[in-house]
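Lettering of chains follows the sequences in order, A, B, ..., and the numbering in each one begins at 1. What you see is a predicted model, and the numbers here were worked out from it, not measured in a lab.
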2 protein chains.
Amino acid sequence: MRKQKGNAAYIKNMNIKIVLDCIIEHEPISRSEISKRVMISKPTVSQLVNHLIVEGFVYETGMGNSTTTGGRKPVQLCFNPKTSYLIGVDIGGSKVASGITDLKGRVYSYREFATQEFLDEGLFKRLHTDIEEMLTELKLTTKNVLGIGVGVAGVTDIEKGVVINAPALAWQNCPIREKLSTYFELPIFVDNDVNISVLGEHWIGAGVDKTNIIYISIGTGIGSGIILNGNLYRGSNYSAGEFGYQVTDRQMARNFNPVVEGFGFLESMSGGISIGQQLSEKIKKQVTAKEAFEMADNGDENAQEVIQFAIENLGLGISNYISLFDPEIIILGGGISGSYPIFKDQLDEIIKKFTPRKCEVIPAKLGKEAGVIGACALLLKEYDSIYTI
Amino acid sequence: MRKQKGNAAYIKNMNIKIVLDCIIEHEPISRSEISKRVMISKPTVSQLVNHLIVEGFVYETGMGNSTTTGGRKPVQLCFNPKTSYLIGVDIGGSKVASGITDLKGRVYSYREFATQEFLDEGLFKRLHTDIEEMLTELKLTTKNVLGIGVGVAGVTDIEKGVVINAPALAWQNCPIREKLSTYFELPIFVDNDVNISVLGEHWIGAGVDKTNIIYISIGTGIGSGIILNGNLYRGSNYSAGEFGYQVTDRQMARNFNPVVEGFGFLESMSGGISIGQQLSEKIKKQVTAKEAFEMADNGDENAQEVIQFAIENLGLGISNYISLFDPEIIILGGGISGSYPIFKDQLDEIIKKFTPRKCEVIPAKLGKEAGVIGACALLLKEYDSIYTI
DNA sequence: AGTTAATAAGTAAACCTTACAAACTAATTA
DNA sequence: TAATTAGTTTGTAAGGTTTACTTATTAACT
């Protein structure tokens with residue numbers, strides 16, 4: 001079908017969402033005030049609110065105060081974030097995290113296990129056990145759950161729910177949704193891990209109230225997720241935001257060979273693995289990127305040189321990103337972003353020099369549970385329930 | 001207001017657009033077939049079609065054939081692109097072009113004059129004269145015109161209709177909409193010239209049926225326009241797509257000073273002005289970019305070197321663009337794109353080497369009238385009439 | 001203190017718009 | 001003449017709005 005046609009049910013669904021959004025944003029709020037704010041007549045608002053109360057999304061909470069000019073006291077309405085719970089899963093190269101949140105993104109339970117131990121076999125079974133345990137712990141059944149959101153470290157076909165290619169997991173064309181639906185009779189949504197990270201930050205993290213957001217993850221590799229006009233932008237082949245492939249140095253690019261097969265140019269200059277390798281070669285001793293940052297901070301000249309080089313390229317890449325997207329904000333996440341204070345100044349200077357207008361760069365706000373929260377955000381974004389973000 | 005509320009009028013408006021789109025795409029078509037295609041009931045389709053006929057958007061054109069299994073002959077319906085006419089204006093650094101098109105983008109009349117002659121005074125008056133002449137020529141009045149679309153070579157606040165900054169015209173905070181509305185009582189929409197170019201190519205040019213398009217204009221300077229998910233992406237400050245600011249060479253960037261004030265790095269490497277200057281300096285003789293390309297094509301080594309350098313940087317910039325946006329197609333426009341066959345191979349090779357997946361690169365399809373057509377596309381896109389693109 | 005006017009919240013009833021289903025008329029083929 | 005398709009008529013359901021009402025409250029006036 002080309003386009004959604006309109007009918008009565010469609011407009012009711014539309015208006016009930018407007019009313020619910022208004023309640024969430026301004027709770028506690030009365031029917032009357034909703035009517036004024038969203039410009040829908042009082043009787044209609046009342047009817048929609050009743051609907052929301054029956055569904056459990058909203059409840060009445062006593063009376064408010066009348067104005068000084070007199071008049072009946074308003075009945076206050078509040079949003080109930082525990083109408084439904086959300087299951088979020090983050091399948092990364094090192095660990096598989098899962099958790100259960102309410103509709104406001106509060107995490108009530110969290111579990112994780114090492115990916116590698118279950119990669120060959122039993123990963124989904126183990127995941128199922130973890131989730132069942134958490135549900136029991138919280139005294140919930142699948143009836144109380146809206147669905148499952150999943151983030152995977154790889155390019156994902158979100159329509160089919162298939163991971164097209166995930167080097168970190170050695171997966172190709174893995175039908176995640178299908179596999180999970182043998183364990184759960186719930187709606188399941190799958191997307192790339194960087195994409196769910198932006199969604200999470202947009203929902204309750206560093207990107208709240210922003211509409212154009214770039215999230216850059218700098219870990220072993222480099223990737224990014226993009227929110228434009230409030231919605232995830234995925235590109236024509238689910239592979240927008242391949243920030244690791246930026247080329248920032250024409251001369252080095254000429255005889256460029258990836259550090260790791262499948263790594264892009266910028267990844268090979270500024271990624272975690274690359275930083276570790278560069279310094280290791282220089283000092284003939286095996287070190288990690290994190291150690292490199294520490295050494296640099298402690299004044300080691302070799303380390304400083306490597307970091308400086310990596311950040312210079314990263315900074316140019318980010319400058320280019322800003323010039324093309326004109327985002328409101330750049331959020332830095334991933335392992336390396338923990339060392340943000342160390343390289344902040346150098347980065348800012350480069351960005352200032354090469355972009356036509358400045359753009360705020362800040363570190364990610366969500367911590368360990370970011371993946372789970374993001375996966376839940378994906379679910380709320382994609383699943384067509386009354387409450388959508 | 002936060003969000004469009006739904007009511008009866010809203011859904012009628014929605015459905016009538018679906019019906020009209022269906023007619024345009026499949027004309028000639030019968031009421032009955034529309035009903036089947038768009039899944040709207042026969043009575044409703046009939047009612048909406050009648051509405052469209054009264055408004056003039058659609059007319060009946062005889063009977064079609066019945067099927068071999070019998071049945072009444074269908075009444076065929078066609079779209080009438082001459083219900084309304086569109087006025088398009090393109091205000092560039094060298095010329096101001098204006099024209100009148102129908103709803104399918106056919107240009108019925110076209111005028112242009114030199115910008116510089118009227119920049120200090122009387123530009124809008126001259127424009128008004130041109131448009132009035134064309135209207136008379138076509139025996140039209142403003143009653144027959146939907147509105148005016150305007151493209152300007154500068155950063156534009158499309159809500160306010162104000163050109164924030166246009167170096168090519170030496171304009172700052174120029175309230176174009178306001179100025180034009182003293183001459184015309186019509187809806188007026190203003191946007192950046194590259195933005196209207198993509199809109200035009202998307203409408204009836206090289207980007208028809210694509211949803212993610214990057215349009216790169218390489219002329220004196222370098223700029224780009226972006227269509228994502230079928231809509232123009234403008235960024236947070238109306239300045240997305242500043243492709244001229246890409247940095248593709250870390251080492252040269254270190255001591256970079258713009259060729260022309262306000263020029264970005266890539267513009268200084270690969271823009272038309274820059275190519276001309278680079279070669280001129282090399283051979284101690286004043287030449288233009290166009291001449292440089294011709295010389296290169298005729299085997300001049302100095303010219304080839306300059307071009308090769310420019311294209312190398314351009315190619316890296318385009319590669320970066322593709323990695324970040326994953327577009328379906330890149331459209332090359334602007335003066336230099338006329339020399340596309342000369343540099344195509346080198347460009348393709350670079351893109352292939354540095355992007356994770358390939359992306360079609362093709363030259364723009366619309367010629368001299370591109371600006372006017374694009375401006376009309378802007379009007380159709382922004383103006384909320386029954387027929388929208 | 002008691003009464004009254006003004007004001008505000010929320011609901012009920014009647015009505016409007018739109019879409020749809022079912023039944024109908026019209027026109028055509030085999 | 002039966003079957004089939006196009007298009008319309010008629011009545012109904014779903015949703016939102018308007019108007020008028022009830023309920024509840026404050027403030028001002030007796």
Side-chain angles (χ1 to χ4, degrees), chain A residues 1 3-19 22-23 26 28-54 58-77 386, chain B residues 1 3-20 22-23 26 28-54 58-78 386:
Chain A
M1 200 189 311
K3 215 172 172 182
Q4 178 63 46
K5 76 174 172 185
N7 55 24
Y10 179 84
I11 86 178
K12 180 170 184 182
N13 184 45
M14 194 168 161
N15 289 343
I16 206 169
K17 281 177 181 169
I18 294 177
V19 169
C22 179
I23 294 173
H26 299 102
I29 187 175
S30 68
R31 291 167 174 80
S32 180
E33 201 188 332
I34 296 172
S35 172
K36 281 176 205 148
R37 278 192 185 273
V38 304
M39 314 256 280
I40 293 175
S41 67
K42 288 200 292 172
T44 302
V45 168
S46 279
Q47 194 211 316
L48 296 176
V49 165
N50 288 343
H51 202 109
L52 286 169
I53 289 175
V54 171
V58 163
Y59 59 97
E60 297 185 340
T61 163
M63 302 294 201
N65 292 323
S66 0
T67 57
T68 51
T69 55
R72 180 171 161 181
K73 283 182 178 171
V75 178
Q76 302 289 50
L77 301 166
I386 290 179
Chain B
M1 202 188 312
K3 216 172 170 180
Q4 177 65 46
K5 77 175 171 185
N7 54 24
Y10 179 83
I11 86 179
K12 180 171 183 181
N13 185 44
M14 195 168 162
N15 289 341
I16 206 169
K17 280 178 183 170
I18 294 177
V19 169
L20 182 56
C22 179
I23 293 172
H26 299 102
I29 187 174
S30 69
R31 290 167 174 80
S32 180
E33 201 189 331
I34 295 171
S35 172
K36 281 176 205 149
R37 280 191 184 273
V38 304
M39 315 255 282
I40 292 174
S41 67
K42 288 200 293 174
T44 303
V45 168
S46 280
Q47 193 212 316
L48 296 175
V49 165
N50 287 343
H51 201 109
L52 286 168
I53 289 175
V54 171
V58 164
Y59 60 97
E60 297 185 340
T61 163
M63 302 294 203
N65 291 323
S66 357
T67 57
T68 51
T69 54
R72 177 172 162 181
K73 284 182 177 170
V75 178
Q76 303 289 52
L77 301 166
C78 280
I386 292 180

Do any side-chain nitrogens or oxygens of [X] fall under 4.0 Å of OP1 or OP2 in [N]?
X: B/Asn7; N: C/dT18; value: no
X: A/Lys5; N: C/dT18; value: no
X: B/Ser30; N: D/dG7; value: yes

Gap between atoms [atom1] and [atom2], on [X] and [N] respectively (whole Å):
X: A/Glu33; N: C/dT7; atom1: CD; atom2: P; result: 19 Å
X: A/Lys73; N: D/dT25; atom1: NZ; atom2: P; result: 6 Å
X: A/Asn65; N: C/dA9; atom1: CG; atom2: P; result: 12 Å
X: A/Lys12; N: C/dT18; atom1: NZ; atom2: C1'; result: 16 Å
X: A/Asn50; N: C/dT11; atom1: CG; atom2: C1'; result: 10 Å
X: A/Glu60; N: C/dG10; atom1: CD; atom2: P; result: 8 Å
X: A/Asn13; N: D/dA14; atom1: CG; atom2: P; result: 16 Å
X: A/Ile40; N: C/dG10; atom1: CD1; atom2: C1'; result: 16 Å

Exercise. Under the 3.5 Å rule, do the base of C/dG10 and the side chain of A/Lys42 count as making a donor-acceptor pair?
Worked result: yes
For this session: Report yes if a donor N or O on one partner sits less than 3.5 Å from an acceptor N or O on the other, where the partners are the side chain of B/Arg72 and the base of C/dA27; otherwise report no.
Result: no
Just so I know, are the side chains of [X] and [Y] near enough to count as touching, which here means a heavy-atom distance under 4.5 Å?
X: A/His51; Y: A/Val19; answer: no
X: B/Leu48; Y: B/Ile34; answer: no
X: B/Asn50; Y: B/Arg31; answer: yes

Exercise. Of A/Gln47 and A/Met63, whose nearest nucleotide on DNA chain D comes first from the 5' end?
Worked result: A/Gln47
Counting only side-chain heavy atoms from C-beta out, which of [options] sits nearest to [X]?
X: A/Lys36; options: C/dA9, D/dT17, D/dT25; result: C/dA9
X: B/Leu48; options: C/dA19, C/dC20, C/dA9; result: C/dA19
X: B/Thr67; options: D/dG16, C/dT18, D/dT5; result: D/dT5
X: A/Thr69; options: C/dA8, D/dG15, C/dA19; result: C/dA8

NA contact type, [X], heavy-atom cut-off 4.0 Å: base, sugar-phosphate, or nothing?
X: B/Val45; value: nothing
X: A/Ser41; value: base
X: A/Thr44; value: base
X: A/Pro74; value: sugar-phosphate

For this session: Quick one: closest heavy-atom pair of A/Ser41 and A/Ser35, and the distance?
Result: C-OG, 3.6 Å
Problem set entry | Closest non-hydrogen atom pair, A/Lys5 against B/Ile18 | CA-CD1, 3.6 Å
Seminar exercise, completed: Result for 5'-nearest mapping on DNA chain C, choosing between A/Gly71 and A/Pro43, is A/Gly71
Exercise. Between A/Ser46 and A/Gly6, who's closer to the 5' end of DNA chain C by nearest nucleotide?
Worked result: A/Ser46
Exercise. If you measure only the distance, is there a donor-acceptor pair under 3.5 Å linking the side chains of B/Thr69 and B/Thr67?
Worked result: yes
